[in-house]
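Whatever order the structure lists ligands and atoms in, that order sets their numbers, starting from 1. This chain uses plain numbering: 1 for the first residue, then up along the sequence.
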Amino acid sequence: MLSEQIVERLNAVVGAQRVLLDSSDFQRFGVDRTTIWEPNPCAVVLPASIEEVQEVVRLANEWNLAIVPSGGRTGLSGGAVAKDGEIVVAMDRLNQVLDFNPLDRTVRLGAGVITANLQDFATEQGLFYPVDFASTGSSQIGGNIATNAGGINVIRYGMTRDWVMGLKVVNGAGDILELNKGLVKNNTGYDFRHLFIGSEGTLGLICEATIQLTRPPVDPNVLILGVNNFPAILDVLQTFSAQIDLNAFEFFSQAALDKVTAQMGHAKPFDTETPFYALLEFEGSTEAVMDKAMTLFEQTVEQGWVMDGVLSQSLSQAESLWKLREDISETLWHWQPYKNDISVRVSRMPDFLREVDELVASRYSDFEVVWYGHIGDGNLHLNILKPENLSSQDFVARCVPVSSEIGQLLAKYEGSVSAEHGVGLLKKDYLHYSRSPLELELMKQVKKAFDPNGILNPGKLFD
Ligand code: MLT
Ligand code: ZN
């Protein structure tokens, strides 16, 4: 419970209507998509400007109160969970497009702009914002930057990091920093912009961003292939990517397809059932590219890797085929999945896949396991589904030891315990499998430089 005096000071900064103290608001603003932790903030505040954010951070320092920055709360690692009496600072009202420059092809906008609105804005200008994932309808650009969101187009366009040209942030000491100011070339020492990208709200609150836009892809085509076994997916990837520029190379298992078609009512891509499916997107701008794609498809069938396939014949069919992949995550919430978001270099994927597959089969033998992910960039999503008869707590307790074994395997393959979902609360105990003790120590020192009193998102990333 906040004292009346503190509430009054917050009211004076953001307006009494924008200081939320009801438990229903705590439930709404105090969690992300994870279901493991109970929200328990002391207040939710909704500032409308960077100056208001700055004032809240200064007050939090004065009273030694922690802050949890909050965007669309679509995160999957507990990075936006406020479980220990923190003030949630929600960016919803910083939702304006502030400036567009057609020559630079950049847009400056508030951190609370919904990702899909940025994508629509780009389309209206005849341009394209390429970072795309299932939760673009509610995720906010500030949250995307704080977690360096990836998604389905990374193989061609990279992560959120690659599109951020400038940031305005408030650090933990309550100072405003303007980072990189939209410059393409700027070799003037440490690039703090990149420190803030992926820092999960532990260094500062991202209030404004300048985002690069690009030209839209021409005539995107989607090809879904039914693949015979896990390693063959990589053979298919190598065959296609050697000859065609791919926008995406995704995969999912038969179990994922069964669930997404049953739950969402989507049609199956074809009748043949195969253990795995690969989804490829490429620009079909010329007939030569389309002929090449068909030839490669035939080759993969001749090799025995692929059993069947379907190529989109229209933009709307391409969009329908994408739903088979994009709706998997939403579908699986029904089973309260325990999520692993892991990566290794693509060249190490065949050996890693064999070992992780063996590990999962032996350690999760009584659980249902659903595989999917962005295999073109080495990123696997391994979801363990909770059996109905097991409580959430017992289920998580059973999954946790296996995560350590997966972590050990990742350390052996020099992989990542969190490829794109971030560390938050969920993965911090496994961070040491991917980062050295010295790196972890340096991270803590960096945090101290930007957040001297440790008030920003404490307990996230590391303790
Ligand atoms: C996805 O690739 O669908 C997202 O990362 C979400 C998820 O893994 O659940
Ligand atoms: Zn993903």
Side-chain angles (χ1 to χ4, degrees), residues 31-36 71-80 115-116 130-140 143-162 198 200 222 224 233 246-253 255-257 259-261 263-264 266 276-281 319 321-344 346 349 356 360 368-386 399 403 406 415-424 426-427:
V31 278
D32 54 12
R33 290 303 306 262
T34 50
T35 50
I36 301 174
R73 296 177 299 282
T74 56
L76 299 166
S77 297
T115 316
V131 180
D132 198 13
F133 41 84
S135 58
T136 51
S138 44
S139 69
Q140 296 177 4
N144 296 352
I145 295 169
T147 55
N148 188 24
I152 56 178
N153 290 330
V154 172
I155 185 173
R156 167 141 186 214
Y157 294 104
M159 311 273 283
T160 299
R161 178 182 302 286
D162 299 293
E200 302 189 31
V222 172
I224 292 193
I233 302 171
L246 297 172
N247 296 345
F249 189 97
E250 301 279 308
F251 92 109
F252 45 93
S253 62
L257 180 67
K259 289 196 164 20
V260 80
T261 49
Q263 291 276 123
M264 300 286 183
H266 301 327
F276 295 98
Y277 297 83
L279 184 153
L280 294 71
E281 189 191 274
E319 283 166 5
L321 292 175
W322 258 120
K323 286 200 182 313
L324 295 172
R325 163 65 187 90
E326 283 210 287
D327 287 351
I328 294 171
S329 180
E330 195 57 39
T331 298
L332 295 188
W333 282 113
H334 182 75
W335 288 270
Q336 295 181 35
Y338 186 83
K339 287 181 164 291
N340 284 281
D341 163 41
I342 54 184
S343 69
V344 295
V346 176
M349 195 58 109
V356 79
V360 165
E368 190 174 7
V369 176
V370 179
W371 301 87
Y372 58 96
H374 320 282
I375 202 155
D377 49 53
N379 182 185
L380 293 176
H381 294 314
L382 168 59
N383 283 243
I384 319 299
L385 307 191
K386 187 181 90 56
C399 292
S403 291
I406 293 177
S416 173
V417 294
S418 186
E420 62 168 4
H421 292 173
V423 176
L426 190 67
K427 296 296 167 191

Of all N/O/S atoms in His374, the name of the one nearest the Zn ion (ligand 2): NE2
Does any part of the side chain of Phe249, heavy atoms only, come nearer than 4.5 Å to the side chain of Val346, both counted from C-beta? no
Closest approach of any protein heavy atom to atom 6 (C) of ligand 1, naming residue and atom: Ser329 OG, 3.4 Å
Ligand 1 and Asn383, any nitrogen or oxygen pair closer than 3.5 angstrom? no
Could you establish whether Ile328 and ligand 1 come within less than 4.0 Å of each other, counting only heavy atoms on the residue side? no
Quick one: look up the protein heavy atom nearest atom 4 (C) of ligand 1 and list residue, atom name and how far away it is. His421 NE2, 3.8 Å
Measuring from non-hydrogen atoms of Glu420 to any atom of ligand 1, is the shortest distance under 4.0 Å? yes
Could you list which atoms of ligand 1 come closer than 4.0 Å to a heavy atom of His381? 1 (C), 2 (O), 4 (C), 5 (O), 8 (O)
Do Thr115 and Val131 touch side chain to side chain, with heavy atoms closer than 4.5 Å? no
Heavy atoms, side chains only, cut-off 4.5 Å: are Val360 and Trp371 in contact? yes
With the Zn ion (ligand 2) as the reference point, give the N/O/S atom of His381 that is nearest. NE2
Within ligand 1, which atoms have a heavy atom of His374 less than 4.0 Å away? 2 (O)
State whether Glu420 contributes an N/O/S atom found under 2.8 Å from the Zn ion (ligand 2). yes
Relative to ligand 1, is Phe133 under 4.0 angstrom through side chain, backbone, both or neither, heavy atoms considered? neither
In ligand 1, the atoms that come under 4.0 Å of a heavy atom of Leu76 are 6 (C), 7 (C), 9 (O)
Are Ile375 and Met349 close enough that some pair of their side-chain heavy atoms sits under 4.5 Å apart? yes
Sub-4.5 Å side-chain heavy-atom contact between Leu279 and Ile152: no
Among Lys339, Arg325, Glu326, which residue places a heavy atom closest to atom 3 (O) of ligand 1? Arg325
Can you tell which of Thr331, Asp327, Thr261 makes a side chain to side chain donor-acceptor pair (under 3.5 Å) with His266? Asp327
Polar contact flag, side-chain donor to acceptor under 3.5 angstrom, Glu368-Trp335: no
Does Lys259 make a cation-pi contact with Trp333, if we ask for NZ or CZ under 6.0 Å from the ring centre and within 45° of the axis? no
Under 3.5 Å, is there a donor on one side chain and an acceptor on the other for Thr74 and Ser138? no
